[in-house]
Amino acid sequence: MSIIETGATLHEAHRDNHTHRDVNGGWLRPAVFGAMDGLVSNLALMTGVAGGAASQQTIVITGLAGLAAGAFSMTAGEYTSVASQRELVEAELDVERRELRKHPVDEMEELAALYVARGVEPALAREVAMQLSRDPEQALEIHAREELGIDPDDLPSPTVAAVSSFGSFALGALLPVLPYLLGAAALWPAVLLALAGLFACGALVSRVTARGWWYSGLRQLVLGGTAAALPFGLGSLLGAAV
């Protein structure tokens, strides 16, 4: 209300009060997934080894090996996945670009039909489609958005995804190992630090979702704690049997 009362136009007030967070960023998903996966997988790996009554040195080496292997695996997998997705999108854009060049009238009619299906009057839909089709690049962008549901100018970057995955996984996987590197001789400091990290990550994720920070934090804490407890129990059983 204060913005409108100062004399700003309704359009400016709406623009200033109606903003959205970025939900298409190529960094967010791999970063969040990488941090969670690094924490949970390395904690589970270390608790499984510790459950088998392994030495402190063995647990540390296991944690460091899990960090390195997981980080490089995540990097390679994320780069390949995003690169393949981008290549598929670019191939579809090439198909659409050729169709616009070879059959411009048919593509214009197709665009008009899309607007008609959304409730626009046929005459107006055709006029809008004609105006939008005058610029080939604009026409390609509109067709990509309407038919493929993508933005040609906002394709995910394989490099960004890979670097985000590597950094976030390594950071998450480092937490369970850190107490040992600082001189801890028992498992519980590593578990406490990892669980605190899981809660913190969940709470941070809530900043880009509609969930409360406590709900997101507790959800990650419970899931991560369960994932770590099960391998510990399995390691204890195997250690007793071997």
Side-chain angles (χ1 to χ4, degrees), residues 20-49 59-97 137 140-141 144-145 147-181 190 193-211 213 216-217 219-221 223-224 227-228 231:
H20 295 283
R21 289 164 293 191
D22 180 17
V23 296
N24 292 320
W27 64 271
L28 181 59
R29 181 185 64 84
V32 172
F33 179 76
M36 298 297 181
D37 191 28
L39 263 168
V40 175
S41 64
N42 217 30
L43 178 61
L45 181 63
M46 292 173 63
T47 55
V49 173
I59 296 173
V60 173
I61 293 175
T62 299
L64 292 176
L67 186 158
F72 287 119
S73 176
M74 283 284 294
T75 300
E78 196 66 35
Y79 185 91
T80 302
S81 174
V82 175
S84 299
Q85 178 187 358
R86 186 183 179 106
E87 290 164 0
L88 174 60
V89 170
E90 289 174 343
E92 292 300 315
L93 288 175
D94 286 339
V95 171
E96 193 64 37
R97 190 177 286 109
E137 288 303 315
L140 176 63
E141 180 179 343
R145 289 178 182 272
E147 297 179 31
L148 303 176
I150 59 173
D151 183 355
D153 297 324
D154 191 28
L155 299 182
S157 168
T159 301
V160 170
V163 171
S164 297
S165 292
F166 180 88
S168 59
F169 186 98
L171 181 61
L174 178 63
L175 285 184
V177 189
L178 192 58
Y180 283 102
L181 298 179
L193 183 59
L195 293 180
L198 283 169
F199 183 86
C201 285
L204 286 174
V205 168
S206 71
R207 295 179 63 87
V208 292
T209 66
R211 292 290 189 179
W213 64 270
S216 295
R219 178 175 60 184
Q220 295 302 330
L221 179 63
L223 292 175

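If you're wondering where the values come from, they're calculated on a predicted model, not measured in any experiment.
Atom CD in E78 sits 10.5 Å away from atom OG in S73 (nearest 0.5 Å). In this structure, L175 CG and C201 SG are separated by 7.5 Å, a value rounded to the nearest 0.5 Å. For the atom pair CG (L181) and CG (L64), the distance works out to 5.5 Å, reported to the nearest 0.5 Å. Rounded to the nearest 0.5 Å, atoms CG (L93) and CG (L88) are 9.5 Å apart.
With sequence neighbours excluded, the residues satisfying side-chain contact (heavy atoms from CB on, under 4.5 Å) with V40 are L198, A227. Residues passing the side-chain contact (heavy atoms from CB on, under 4.5 Å) test with T159, sequence neighbours excluded: Y79, S157, V163. For the salt bridge (Lys or Arg N to Asp or Glu O under 4.0 Å) test, no residue two or more places apart in sequence or in another chain qualifies with E96. Shown here are the side-chain contact (heavy atoms from CB on, under 4.5 Å) partners of L178, two or more places apart in sequence or in another chain: L182, L193. In this structure, the side-chain contact (heavy atoms from CB on, under 4.5 Å) partners of A203, at least two apart in sequence or on a different chain, are W213. The side chain to side chain donor-acceptor pair (under 3.5 Å) test applied to R145 returns E141, D151, not counting sequence neighbours. Every residue was checked against the side chain to side chain donor-acceptor pair (under 3.5 Å) condition with E137, not counting sequence neighbours, and none meets it. Scored by the salt bridge (Lys or Arg N to Asp or Glu O under 4.0 Å) test, E87 finds no partners at all (sequence neighbours excluded). With sequence neighbours excluded, the residues satisfying side chain to side chain donor-acceptor pair (under 3.5 Å) with D94 are R97. Legend: residues meeting ring-ring contact (aromatic ring centres under 6.0 Å, His included) with Y180, ordered by chain and number and at least two apart, are absent.
For A190 against P179, the heavy-atom pair with the smallest separation is CA-CG, 3.6 Å. Residues P152 and L155 come closest through the heavy atom pair O-CG, 3.7 Å. The two residues M74 and S165 make their nearest non-hydrogen contact at O-CB, 4.1 Å. The shortest heavy-atom contact between L67 and A170 is CD1-O, 3.7 Å. For R86 against P158, the heavy-atom pair with the smallest separation is CD-CD, 4.1 Å. When all heavy atoms are compared, the tightest approach of L39 to A194 is CD2-O, 3.7 Å.
The ring pair (Phe, Tyr, Trp, His ring centres under 6.0 Å) analysis of residues 148-176, with sequence neighbours excluded, yields the pairs F72-F166.
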Do L45 and T62 pass the side-chain contact (heavy atoms from CB on, under 4.5 Å) test, and can you show the C-alpha distance, the side-chain angles, and the key distance before you say yes or no?
-> CA-CA 7 Å; L45 181 63; T62 299; 3.5 Å; yes

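Checked by atom type and distance alone, the side chain of S164 never pairs as donor or acceptor with a backbone atom of A161 at under 3.5 Å.
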